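First comes the structure, then the notes that go with it.
All of these numbers come straight from a predicted model, not from anything done at the bench.
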Amino acid sequence: MARDMSDKEILKMELDQLKLEVNTPRTAVSTTAPEIIAFVEGKSAEDPLIKGVPEDKNPFKEKGGCIIT
């Protein structure tokens, strides 16, 4: 797409994007970090990477072994 555009058009697009970004509301990390931590800790009981997957519900469990004779 950028190949079809002149340098002036590309710079205009970049300027438009920067104008959008400058008006984006920002929040301090110190404010949002406790919320993120609480969310992650609240969901950790349901997380299969932390809790594990029961053998009977594991879709990737090997069905049978391979026998080479």
Side-chain angles (χ1 to χ4, degrees):
M1 180 176 162
R3 293 180 186 174
D4 301 337
M5 302 172 75
S6 69
D7 289 341
K8 184 177 178 182
E9 291 172 322
I10 293 172
L11 289 173
K12 184 178 180 336
M13 283 181 54
E14 289 178 4
L15 182 62
D16 292 341
Q17 181 63 34
L18 289 172
K19 285 179 182 178
L20 288 172
E21 290 178 16
V22 78
N23 293 324
T24 302
R26 310 284 183 196
T27 306
V29 173
S30 60
T31 304
T32 58
E35 295 174 17
I36 294 171
I37 292 169
F39 175 80
V40 170
E41 288 176 347
K43 298 290 184 178
S44 66
E46 306 165 11
D47 192 339
L49 295 176
I50 295 174
K51 182 180 164 189
V53 178
E55 286 295 320
D56 60 332
K57 294 184 179 180
N58 185 355
F60 301 105
K61 180 177 76 172
E62 290 189 28
K63 305 287 189 259
C66 178
I67 300 173
I68 300 175
T69 58

Applied to residues 7-20, the salt bridge (charged side-chain N to carboxylate O under 4.0 Å, His left out) test, sequence neighbours excluded, yields Lys12-Asp16
Heavy-atom nearest pair, Thr32 first then Thr27, reads CG2-CG2, 3.4 Å
Between Arg26 and Glu21, the two heavy atoms sitting closest are NH2-O, 3.1 Å
Rounded to the nearest 0.5 angstrom, the CG-CG distance for Leu15 and Leu20 is 10.0 Å
Tightest non-hydrogen contact, residues Val29 and Pro34, listed as O-CD, 4.5 Å
In short, Leu49 meets Asp47 closest at the heavy-atom pair N-OD1, 2.9 Å
